Protein chains: 2
Amino acid sequence: MTRIGIKEIAAKADVSTATVSYVLNGTRNVKHKTRERVLRVIEELNYKPNDIAKSLKSRRTNTIGVIAEDVTVFNVPEIIDGINDFADRHDMHILLTNLRLHKRIGHNFDQLDDYRKYAENAVNELLSKQVEGIIYIGAHPRDLTGLIDTAGKPIIYTYCYTQNDPSIQYNDEQASFEAMSHLASQGHTRIAIISGIMNSLPSRLRFNGYYKAITEFQLPFDPQLIKLGDWEAESGYRLTQELLALDERPTAIVAMNDVMAVGVLRAASEAGVTIPHDLSVVGFDNREFSSYLIPQITTMDLPLHEMGFQAMDSLMCIIRGETPDPANHLPACKLIERDSVAPPARVM
Amino acid sequence: MTRIGIKEIAAKADVSTATVSYVLNGTRNVKHKTRERVLRVIEELNYKPNDIAKSLKSRRTNTIGVIAEDVTVFNVPEIIDGINDFADRHDMHILLTNLRLHKRIGHNFDQLDDYRKYAENAVNELLSKQVEGIIYIGAHPRDLTGLIDTAGKPIIYTYCYTQNDPSIQYNDEQASFEAMSHLASQGHTRIAIISGIMNSLPSRLRFNGYYKAITEFQLPFDPQLIKLGDWEAESGYRLTQELLALDERPTAIVAMNDVMAVGVLRAASEAGVTIPHDLSVVGFDNREFSSYLIPQITTMDLPLHEMGFQAMDSLMCIIRGETPDPANHLPACKLIERDSVAPPARVM
DNA sequence: CTGTTAGCGCCTTCAG
DNA sequence: CTGAAGGCGCTAACAG
């Protein structure tokens, strides 16, 4: 089966290859009769254009490279989905590179050198494939400055960032403030917070939101209510036990992710503390399982789809030589209200 | 910045373009001195080969197309990861198409016509990009015969299947049998099963495994223990209530997925039935949340990574003109033992 | 309105 | 061991 091309159909339709190209791309007016004839032959021969050849000539591939640090991490698929959403509408294609970071180097995200070579390879292969731009999806929010050199090709980061390139992140501080605001509006004043590891940006930003709310709503500030966790369920469990052992217990806990909220639930359950009657809980991330827990927890939904969509949008802007609107680079989170928040019980 | 190519480096190194090509690909012996010189110029000019041009000439793109019905569905990312695992080792690239089925047409998987056009477009675009083969990842196990025409390009399905093309699925019947076997080995005899919707292949296969175990272990067969669910938590909840209302309760329940197992847990909790003391539960899928539930549930892990890996392996076989080994097309599930199974309590 | 033709960047016989 | 030259499939001037 010899691949048939524009030449074959030109011969059979008794026109030149140029004419075929014109009807194919609508680049020029072609007499109706001729067009029909060409179209018919195309149909008959079941011709499929060769984008490779087309790209070589036109110097456009309509393809953008996506480097995902790990597609199996919860935030990544939804971001990819957002990228696809935009790409579909603009007839763009996605060349996906999966760094498989978790499986290759585990959680040692700090040793950037360990996977610099992976990233470099990925970029070079993408560049060789003539992608028109690159989107880098982190599995973890952090600074990647200096890690990647794209030789001038536009790149945009999301769920992570560098100091020189554009990046799309979500509004962490505001989200945290809103979680607090929701709790305050229910009448809570003693609100505890369990953080992720402190050398991570989200932890710091979410603390900012926490303090801002403390100030704005004039809540009592008690350092005992601030607990430093590590994103894992175990820390949520242990720190909640500490919180419940306080003379004056908090009436609500904000866990900086849903996984730690699982620990909160477990500790509460073991201590005979009923949620939400005795203790309100707000999580972060709106992980799928958050609605499978008992009770279903109130949590902050991350605008992952939008981040992917915006990353793609901004990247296309840059490719076209325009300047993307930075206002779109910090989409908001959204509180999902479920069953783990209630007004505080009367004082015992 | 005018893209520099083989020609520029040839000029600067004072050799012909052919020689550059030779050192680049190791196609021919080149005098050591000359090679060094060429290599140096390549370095200096930071030359990056153009795979597009290369592909046009060599008629090989080293790229395979992956069509995912929906990357946000739980099974898909891990399958993609398996594909990447293989692809990385063989220097292959992935052109990803995300059909976004759930967001576009919801759960109406039966109306194949609704998205036939999406699938057709995806295939045509991939074909135009000269992919060397296609992997189709279903979001739901079902028969897709007749949906897709790849014009002769090799295609392989996974997590779904057709009657004519090779596909990679997991061994559902055996998995179900093993879940039963595990329960039986703990001393359970009255084992209930909650199925997914019945017009799905997994439901039928898992029932086969159930019956096989009933026979093999000579367990009492009681139709009352067979409940028809719909994959959703609510059905697990409701059907467990029915099961618990029986005169003679089951001592164990197999839920055909972890989501329904959540319903089982909820119903048990409300009825004051303690898991695993009063009732053992085995789920299916090893969803991430299964280890966040209280108690953490014993469940069947699906060989998703392996399915992706095998799909890629088999596809490469076909591309090379070899015949893949069908023995690899039905990888086994693996029981993950956690805290929801115990020997049955003494008769009350 | 249509045909001719010169490349896009690279590989690969075929000569030397 | 190296160079010259044709061509992969398609587009876009430039002519008619």
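Treat the numbers as computed from the prediction; the structure is a model and nothing was measured. A, B, ... follow the sequence lines: proteins, then strands. Residue 1 opens every chain.
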K.L.:
If I take atom CD1 in residue B:Ile4 and atom P in nucleotide C:dG9, what distance separates them, rounded to the nearest angstrom?
P.N.:
11 Å
K.L.:
Angle, rounded to 10°, between the helical axes spanning five pairs at each terminus of the helix from C:dC1-D:dG16 to C:dG16-D:dC1?
P.N.:
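About 40° separates the two local helix axes.
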K.L.:
Rounded off to whole Å, could you give me the NE2-to-C1' distance for the B:His32 and D:dC1 pair?
P.N.:
15 Å
K.L.:
B:Thr27 side chain: which of D:dC1, D:dC10, C:dT12 is closest?
P.N.:
C:dT12
K.L.:
Rounded to the Å, how far apart are B:Leu24 CG and C:dC11 P?
P.N.:
6 Å
K.L.:
Counting only side-chain heavy atoms from C-beta out, which of D:dT2, C:dC8, C:dT2 sits nearest to B:Thr34?
P.N.:
D:dT2
K.L.:
CZ of B:Arg28 versus C1' of C:dC14: gap in Å, rounded?
P.N.:
10 Å
K.L.:
Do A:Tyr47 and A:Leu24 touch side chain to side chain, with heavy atoms closer than 4.5 Å?
P.N.:
yes
K.L.:
Not counting sequence neighbours, which residues clear salt bridge (charged side-chain N to carboxylate O under 4.0 Å, His left out) with A:Asp81? List them please.
P.N.:
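B:Arg100, B:Lys103.
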K.L.:
Using 30° and 60° as the class limits, which term best fits the ring planes of A:Tyr159 and A:Phe74: parallel, tilted or perpendicular?
P.N.:
perpendicular
K.L.:
Within the 4.0 Å heavy-atom criterion, would you say B:Val15 contacts the bases, only the backbone, or no part of the nucleic acid?
P.N.:
sugar-phosphate
K.L.:
To the side chain of A:Lys54, which of D:dC10, D:dT2, C:dC10 is closest?
P.N.:
D:dC10
K.L.:
Kindly indicate whether the side chain of B:Leu95, heavy atoms from C-beta on, has any atom under 4.5 Å from the side chain of B:His93.
P.N.:
no
K.L.:
Would you please confirm or rule out a distance under 4.0 Å between OP1 or OP2 of C:dG9 and any side-chain N or O of B:Tyr47?
P.N.:
no
K.L.:
For nucleotides 4-6 of chain C, which of its nitrogen or oxygen atoms have a protein nitrogen or oxygen under 3.5 Å away, and what is each distance?
P.N.:
none

K.L.:
Going by the salt bridge (charged side-chain N to carboxylate O under 4.0 Å, His left out) test, name the single residue among B:Arg320, B:Arg59, B:Arg60 that passes it with B:Glu132.
P.N.:
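The residue from B:Arg320, B:Arg59, B:Arg60 that satisfies salt bridge (charged side-chain N to carboxylate O under 4.0 Å, His left out) with B:Glu132 turns out to be B:Arg60.
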K.L.:
Whether the A:Gln163 and A:Asp143 side chains hold a donor-acceptor pair (N or O, under 3.5 Å, no angle test) is what I'd like checked.
P.N.:
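Distance-only check passes for A:Gln163 and A:Asp143.
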K.L.:
So which nucleotide from C:dC1, D:dT11, D:dC8 ends up closest to the side chain of B:Arg59?
P.N.:
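Nearest to the side-chain atoms of B:Arg59, counting from C-beta on, is D:dC8.
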K.L.:
Quick one: which of D:dC10, C:dC11, C:dC1 gets closest to the side chain of A:Asn29?
P.N.:
C:dC1
K.L.:
To the nearest angstrom, how far is A:Ile42 atom CD1 from D:dG9 atom P?
P.N.:
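Answer to the nearest Å: 16 Å.
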K.L.:
Between C:dC10, C:dC8, C:dT13, spot the one nearest the side chain of A:Leu56, thanks.
P.N.:
C:dC8
K.L.:
With heavy-atom distances below 4.5 Å as the criterion, would you say the side chains of A:Asn62 and B:Glu125 are in contact?
P.N.:
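A side-chain contact under 4.5 Å is absent here.
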K.L.:
Write down the distance between CD1 (B:Ile6) and P (D:dG3), rounded to a whole number of angstrom.
P.N.:
12 Å
K.L.:
Are B:Leu126 and B:Lys153 packed together at the side-chain level, in the sense that at least one heavy-atom pair is separated by less than 4.5 angstrom?
P.N.:
no
K.L.:
Can you say whether the rings of B:Phe86 and B:Phe309 are parallel (under 30°), tilted (30 to 60°) or perpendicular (over 60°)?
P.N.:
perpendicular
K.L.:
For A:Asp14 and C:dT2, give me the distance from atom CG to atom C1', rounded to whole Å.
P.N.:
12 Å
K.L.:
Could you state the atom-to-atom distance from CG of A:Asn50 to C1' of D:dT11 in whole Å?
P.N.:
13 Å
K.L.:
Out of A:Ile156, A:Ile79, A:Ile83, A:Asp85, which residue meets the side chain to side chain contact (heavy atoms under 4.5 Å, CB included) rule with A:Met312?
P.N.:
A:Ile83
